[in-house]
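First comes the structure, then the notes that go with it.
All chains are named by letter (A, B, ...) in the order of the sequence lines, taking the proteins before the strands, and each is independently numbered beginning at 1.
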Amino acid sequence: MADVQSTATTLPPSNSVEDQKPAAVTSENGSMQDDTKEEEYKMPDNASETLYLQNLNETVRVDYLKETLLNLFKSYQVIPPVIAHGNLRMRGQAFVSFPDKETADKARREVAGFPLYGKPMQLSFAKTKSDVIVRKEEGEEGFESHKKRRLEHKNESRKNNPLRQKAQAKLKAAAAADPTGAHAVAPRRTQIQMPDEYLLPNALLFLQNLPDGTTKDDLHEVFNQYPNLLEVRLIPAKKDIAFVEYADEESATVAKEALHNFKIDGETKMKVSYAKK
DNA sequence: AGCACA
């Protein structure tokens, strides 16, 4: 395998806030060029042209991560782009495609466990076909229909996500109770919002008026946009309130100011204040 | 843990 040094010249410009560089990936690791003759080896039947990577270091910026992976898989003829996301559900994972299943499988076996940014990579075959592959195999028109199907599927799963279903049931109930439509929006419970001036700054935030069905993950995703989030705690007995803890008061203040009155579901204003000491 | 396609 060719030496894959860091492609410093092709890297995106460094960002002053997070001064990270893609790892200089070298191939000193002997396990990566294991060209053994293997007449008894059978490629798994779930093999795919695309590998699904997990256990990637989540503190590495997504664009650097992509660049690094491109670099790391260069000798296996990786097909750009490498797909990685920074959102809560998808962080620490990536999709990397190759020209054929055999090459993907080779990469999978040889690169498995490679300690990228200190964490051993976990490689498996992707469950679904990547757009790049569909495009390559079926041409532009086949790709369009593939994309349409994918979009439909996505809308479906969005439609029957419990949070949305609950919100819609609520709307329906309100409309039924009031046929004039004057109060088509569900009546809001009266909330007591402690005036901030009576509360000392606190690394712990108190949330009120959360929409029905809000999950811990929903809140984590929203609050994790602001640095130093430590923990989100729901209150099982009171579904519309929660606590969110940051590492320090300053971080909590940033999040509080950004997210007070934020509408998680697009209509219910969440109240964010410091928790009482 | 978490299977997308900005």
Side-chain angles (χ1 to χ4, degrees), chain A residues 12-13 15 43-70 72-73 76-101 103-105 107-109 111-164 213-225 229-234 264 266:
Chain A
N15 168 318
M43 196 169 56
D45 27 332
N46 69 329
S48 161
E49 297 82 1
T50 302
L51 296 182
Y52 171 59
L53 319 199
Q54 298 174 88
N55 198 38
L56 304 173
N57 189 325
E58 299 181 10
T59 68
V60 175
R61 284 179 38 154
V62 168
D63 46 345
Y64 287 118
L65 181 63
K66 288 179 181 171
E67 198 63 40
T68 304
L69 291 172
L70 223 36
L72 172 61
F73 288 104
Y76 304 92
Q77 310 154 71
V78 236
I79 304 175
V82 165
I83 308 293
H85 299 266
N87 67 325
L88 179 66
R89 187 161 138 263
M90 292 307 305
R91 72 184 47 159
Q93 303 151 78
F95 296 87
V96 187
S97 297
F98 302 89
D100 49 71
K101 296 181 180 180
T103 312
D105 187 39
R108 182 182 65 89
R109 282 151 39 224
V111 181
F114 186 90
L116 188 64
Y117 296 112
K119 302 191 68 182
M121 278 196 280
Q122 210 166 292
L123 312 196
S124 53
F125 293 111
K127 288 179 186 161
T128 60
K129 275 215 187 271
S130 289
D131 286 358
V132 245
I133 298 299
V134 176
R135 194 172 230 139
K136 196 154 98 64
E137 290 177 349
E138 298 173 33
E140 198 58 34
E141 60 298 338
F143 169 69
E144 288 307 328
S145 67
H146 164 83
K147 197 166 156 189
K148 198 184 293 172
R149 268 186 287 117
R150 210 187 60 207
L151 259 280
E152 279 160 10
H153 179 268
K154 198 172 186 176
N155 286 338
E156 270 317 296
S157 37
R158 198 171 267 261
K159 233 186 262 173
N160 43 44
N161 120 29
L163 202 154
R164 188 189 190 83
T214 304
T215 66
K216 195 172 179 169
D217 279 358
D218 294 331
L219 292 177
H220 198 281
E221 184 154 4
V222 169
F223 282 86
N224 203 32
Q225 299 176 101
L229 175 64
L230 291 186
E231 193 193 0
V232 172
R233 292 199 296 274
L234 299 188
I264 291 189

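Ring centroid separation for the pair Tyr52(A) and Phe95(A) comes in under the 6.0 Å cut-off.
Across the protein-nucleic acid pair, Asn87(A) atom CG and dA1(B) atom C1' stand 14 Å apart, rounded to whole Å. Following rounding to the nearest Å, Glu137(A) (CD) and dC5(B) (P) show an atom-to-atom distance of 20 Å. Atom CG of Leu151(A) and atom P of dA6(B) are 10 Å apart (whole Å). Atom CG of Leu56(A) and atom P of dC3(B) are 14 Å apart (whole Å). Look at NZ on Lys148(A): it is 17 Å from C1' on dC5(B), rounded to the nearest Å. The CD-P distance, from Gln93(A) to dC5(B), rounds to 12 Å in whole Å. What separates CZ of Arg89(A) from P of dG2(B) is a distance of 11 Å, to the nearest Å. When rounded to the nearest whole Å, the span between CG of Leu69(A) and P of dA4(B) equals 18 Å.
Using a distance-only test at 3.5 Å, with no hydrogens or angles considered, no donor-acceptor pair links the side chain of Ser130(A) to the main chain of Val132(A).
Contact annotation for Glu58(A): base contact, defined as any heavy-atom pair under 4.0 Å involving a base atom. When heavy atoms are screened at a 4.0 angstrom cut-off, Phe125(A) is found touching base atoms of the nucleic acid.
Closest contact between the side chain of Gln54(A) and the listed nucleotides dC5(B), dG2(B), dC3(B) involves dG2(B). Set against dA6(B), dG2(B), dC3(B), the side chain of His85(A) has dA6(B) as its closest nucleotide.
Residue ring and nucleobase are stacked for Tyr52(A) and dC3(B), with a centre distance beneath 5.5 angstrom and an angle between planes beneath 30°.
Checking Asn57(A) against Lys119(A) by side-chain atom types alone, no donor-acceptor pair falls below 3.5 Å.
Atoms CG and CG, from Leu53(A) and Leu69(A) in turn, are 6.0 Å apart once rounded to the nearest 0.5 Å.
Positionally, the nearest nucleotide of DNA chain B for Arg91(A) lies more toward the 5' end than for the other of Asp131(A) and Arg91(A).
Partner Glu49(A) forms a salt bridge (Lys or Arg N to Asp or Glu O under 4.0 Å) with one of Lys136(A), Lys129(A), Arg108(A) and no other, that one being Lys129(A).
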